Number of protein chains: 2
Amino acid sequence: MPPFSFTIDAECPDTWARTGTLQTAHGTIQTPIFMPVGTQATVKSIAPEELHAAGAQIILSNTYHLMLRPGSELVAEFGGLHSFMHWDGPILTDSGGFQVWSLGHLRKLSEDGVTFKSHLDGSAHMLTPERVMQIEAELGADIILPLDICAAYPCAPLEARAAMERTHRWEERALLAKEHYNPAQALFGIVQGAFEPELRRQSAEIIGNMPFPGLSIGGLSVGEPKAMMWEMLNVVTPALPRNKPRHLLGVGSPEDLVVGVGLGMDMFDCVLPTRVARHGGLFTRQGRVSIKGARFRAEHNPIEVGCDCYTCRNYSAAYVHHLARTEEQLYYRLGSIHNIRFMLRLASELRAAILAGTYVAFRDEFLANYMPASEQVREAQREKWKIARAKQG
Amino acid sequence: MPPFSFTIDAECPDTWARTGTLQTAHGTIQTPIFMPVGTQATVKSIAPEELHAAGAQIILSNTYHLMLRPGSELVAEFGGLHSFMHWDGPILTDSGGFQVWSLGHLRKLSEDGVTFKSHLDGSAHMLTPERVMQIEAELGADIILPLDICAAYPCAPLEARAAMERTHRWEERALLAKEHYNPAQALFGIVQGAFEPELRRQSAEIIGNMPFPGLSIGGLSVGEPKAMMWEMLNVVTPALPRNKPRHLLGVGSPEDLVVGVGLGMDMFDCVLPTRVARHGGLFTRQGRVSIKGARFRAEHNPIEVGCDCYTCRNYSAAYVHHLARTEEQLYYRLGSIHNIRFMLRLASELRAAILAGTYVAFRDEFLANYMPASEQVREAQREKWKIARAKQG
């Protein structure tokens with residue numbers, strides 16, 4: 001039996017929100033949970049001890065990046081990701097599928113799998129459902145994901161169906177392969193179906209009934225309006241089995257966490273909190289603030305009064321502002337720690353609210369106070385990131 | 001009386017090496033000591049707790065940079081540098097003079113002081129001996145330095161003499177001004193004299209006899225061959241009073257620390273250990289290694305077997321190599337911590353050797369094992385840094 005279990009500790013009577021406990025070989029996770037992303041076997045600028053101190057219970061790492069650098073065989077030689085990166089808590093690795101689509105060049109899709117060229121050096125690679133299980137076994141995460149096809153937004157209905165059906169076939173192959181490579185890893189199923197409610201419902205039913213101990217909802221937050229993402233969850237959640245943990249892949253912001261929990265999601269991951277921090281955006285209960293703004297130049301208070309993160313306990317907002325303006329490396333760390341802690345404290349407050357039967361009040365109060373980044377701001381920011389990434393390359 | 005004292009704990013019978021104890025309002029420093037440099041009120045990529053853990057007893061910060069950003073008045077509003085940057089140990093601030101020469105534009109020198117334009121925004125500034133005392137009082141370091149003129153290398157003898165004599169007059173003015181702004185700060189004198197032995201001897205005698213509680217040797221390590229720097233110390237040290245701590249400004253590398261101690265130096269500061277770390281150069285007892293080299297790709301051992309730094313206690317060299325190759329921010333921290341710890345452990349080993357009467361043997365063994373970067377490599381590296389800095393600008 002795999003060392004994995006999920007128990008529901010409480011459910012909200014008015015929404016699909018629930019709080020639970022996940023057991024893994026590397027420790028216990030209390031849901032709802034936010035998973036910081038350590039793309040290249042490091043959560044950018046943060047050391048493992050600092051992740052623990054910020055309340056991180058599980059992190060996510062990216063199969064695509066690690067298979068290219070340093071290579072999964074090398075990670076295996078070091079006893080897997082946990083010991084390689086000095087993080088002793090649970091880890092989830094994604095399948096690499098999403099990055100093949102968003103980063104790889106000259107992709108070619110067949111029933112067997114997908115071939116692509118590395119975004120780093122143009123070298124050719126092939127991922128199949130079986131190969132992904134082998135790579136993820138070498139990486140040794142507690143929770144792993146199968147190769148899937150993430151349809152673009154927008155996507156023609158026929159194309160969406162074909163991608164979903166092929167993903168389903170690949171997931172069956174992944175289940176078989178996983179037993180061969182490392183039966184002890186918990187392989188989550190991935191629900192696809194693009195933005196077609198009927199496909200989403202079908203995918204949830206089919207994948208929900210396969211012997212996966214947990215389920216990830218993929219193909220969302222790929223450029224669609226927020227409302228459309230929530231509409232899909234409204235279809236997916238009721239079609240999923242109650243007793244399996246649900247992971248909303250690649251989501252999201254503080255408000256996404258609060259809303260997503262009410263739509264039945266237990267686990268969240270996103271680079272957003274650390275990425276916006278690096279660009280100066282820091283979370284407060286009133287919304288995101290730009291630490292580089294002149295209002296913080298002489299601010300004696302911390303970024304957010306009452307915040308219990310390392311940064312706010314030890315530094316004035318003025319000092320963090322100074323580091324951000326001078327582009328000092330310590331800024332990226334202090335800002336990232338603040339946002340990670342914000343997300344993890346929020347997750348634990350959501351859990352407490354669900355246990356207390358007050359989730360709806362908590363959600364409504366949070367959303368009333370929190371000013372989200374508008375779609376327009378988000379689009380501008382995505383453009384800026386694209387340019388920054390291109391420059392790095 | 002200023003809260004500052006220096007006592008000599010032991011002296012080497014064969015060289016000018018000695019070990020002592022410095023008392024400051026923010027703590028005790030055991031010499032010989034290396035001072036990590038926190039140019040912009042942060043030792044690049046390292047948090048104060050990590051400096052303590054690496055054995056840092058005092059850090060140096062740069063008046064020039066802080067007066068421009070965030071401004072010394074602002075730092076004063078926050079209770080000075082210690083509380084602004086969350087470092088509770090002793091701090092030394094330099095005078096800004098060196099940076100005016102190396103970074104400022106359109107410098108104009110007069111008997112009164114020096115005017116220059118900021119390297120950041122071209123704004124005009126004037127530094128006088130009195131103004132520097134005011135700024136350093138606002139920054140609030142334990143040890144402060146007076147405005148001086150750092151002659152270029154090479155420098156005509158007449159020019160060297162004029163610069164030295166003006167520096168001496170400025171230092172007298174600084175002594176008076178310091179009493180006005182903050183008598184509790186320990187103002188060190190600066191010995192100049194370029195590369196003229198007779199000027200160096202004169203400067204050491206004149207400044208050594210003025211009421212400074214400590215002495216910094218300036219104007220060295222500005223591009224001259226190493227042997228010439230050591231020749232100057234051979235002239236300076238015997239002309240200095242025995243009972244005052246001696247600080248070799250802007251020096252240096254591991255081998256400089258070991259040699260400099262034998263030439264009577266007690267305190268050292270340099271950006272080199274953190275700067276070379278950021279470029280992949282890490283110290284070992286055999287010399288500097290490049291962590292990006294292929295030999296570390298699958299290295300299970302730490303950077304240096306037996307090293308007690310945070311990095312070597314927790315990470316394989318292969319992981320550090322991976323972070324360095326992927327240019328992950330955690331690399332800059334792990335590399336910098338390793339080199340800082342190397343310098344501080346070396347300083348404490350030097351102290352132990354002097355106490356044990358074995359300094360000469362320690363020095364000779366260290367130098368026999370340690371392969372220094374050659375002058376050629378150092379020159380190439382300086383060029384690379386210049387280009388990197390120009391790109392940042």
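Below, chain A is the first sequence line, B the second, and so on; all start at residue 1. Note that the structure is predicted; figures quoted are calculated from it, not measured.
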Working to the nearest 0.5 angstrom, can you tell me the gap between [X] [atom1] and [Y] [atom2]?
X: B:His322; Y: A:Leu74; atom1: NE2; atom2: CG; answer: 9.5 Å
X: A:Arg325; Y: B:Gln40; atom1: CZ; atom2: CD; answer: 12.5 Å
X: B:Tyr331; Y: A:Thr42; atom1: OH; atom2: OG1; answer: 13.5 Å
X: A:Tyr315; Y: B:Met85; atom1: OH; atom2: CE; answer: 8.0 Å
X: B:Thr326; Y: A:Leu66; atom1: OG1; atom2: CG; answer: 9.5 Å

Item checked: Proximal component of B:Leu120, with respect to chain A [non-hydrogen, under 4.5 Å] ->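 Contact with chain A is absent: no heavy atom of B:Leu120 under 4.5 Å.
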
Next item on the list: May I ask you to decide if the ring planes of A:Tyr310 and B:His86 are parallel, tilted or perpendicular, using 30° and 60° as cut-offs?
Entry: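 Taking B:His86 first and then A:Tyr310, their aromatic rings stand perpendicular (interplane angle over 60°).
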
If you look at every heavy atom in [X] and [Y], which pair is closest and at what distance?
X: B:Glu77; Y: A:Ala298; result: OE1-CB, 4.1 Å
X: A:Tyr332; Y: B:Gln329; result: CB-OE1, 3.1 Å
X: A:Ala318; Y: B:Phe78; result: CB-CZ, 3.3 Å
X: A:Ile46; Y: B:Leu330; result: O-CD2, 4.2 Å

Check: Between B:Gly71, B:Pro48, B:Ser45, which shows the greatest number of heavy-atom pairs under 4.5 Å with chain A?
Finding: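 So the answer, after comparing B:Gly71, B:Pro48, B:Ser45, is B:Ser45.
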
Check: Can a salt bridge be assigned to the pair B:Glu50 and A:Arg333 using a cut-off of 4.0 Å between side-chain N and carboxylate O?
Finding: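 So B:Glu50 pairs with A:Arg333 through a salt bridge.
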
Note to self: Can you tell me which portion of A:His300 sits under 4.5 Å from chain B's heavy atoms? Options are side chain, backbone, both or neither.
What the structure shows: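 For A:His300, the contact with chain B is made by backbone and side chain together.
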
Checklist line | chain B contact via A:Leu334 - which portion, at a heavy-atom distance below 4.5 Å | finding: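 Neither part.
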
